[in-house]
Amino acid sequence: IGNLLNFMARDEEFPPALAAERVLAGKQNRWGSRDYALESALGRWHREDPAAVKKWLDTLENPGTKERANLALAQTLFHN
């Protein structure tokens, strides 16, 4: 499933916000492929609309989910 999520995150036709939501809705696997997919989705979304990503991050209520999403965004910004 990680590969499918990564494909969705990179697909220009698939909304990055929806890809990020789908990744966060699933359980993390031991290989970290979901985190990679989340980095891909948030990275693309941030390039398209950084304000929307910030607003979305602010809506996340679960502290663990919020931390995971912020870390994924930080990772993708660091690597790009």
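Side chains are part of it too, since the values below use all heavy atoms of this structure and drop only hydrogens, waters and symmetry mates.
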Open item on the list: What verdict does the side-chain contact (heavy atoms from CB on, under 4.5 Å) test give for L77 and H46, after you've listed the backbone C-alpha separation in whole Å, the side-chain angles of each residue and the deciding distance to 0.1 Å?
Closed with: CA-CA 9 Å; L77 293 176; H46 187 268; 3.5 Å; yes
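Residue A20 comes nearest to A41 through the heavy atom pair N-CB, 3.9 Å, listed as atom of the first residue, atom of the second, then distance.
E67 pairs by the side-chain hydrogen bond (donor to acceptor under 3.5 Å, both in side chains) definition with nothing, not counting sequence neighbours. Remark: A74 pairs with no residue by the side-chain contact (heavy atoms from CB on, under 4.5 Å) rule, at least two apart or across chains. For L71, the side-chain contact (heavy atoms from CB on, under 4.5 Å) partners two or more places apart in sequence, or in a different chain, are Q75. For K54, the side-chain contact (heavy atoms from CB on, under 4.5 Å) partners are D58, not counting sequence neighbours. With sequence neighbours excluded, no residue satisfies side-chain hydrogen bond (donor to acceptor under 3.5 Å, both in side chains) with W45. In this structure, the side-chain contact (heavy atoms from CB on, under 4.5 Å) partners of A72, at least two apart in sequence or on a different chain, are L38, E39, L42.
Atoms CG and CG, from L57 and L73 in turn, are 6.0 Å apart once rounded to the nearest 0.5 Å. Once rounded to the nearest 0.5 Å, the distance linking CZ of R68 with CG of N62 reads 10.5 Å.
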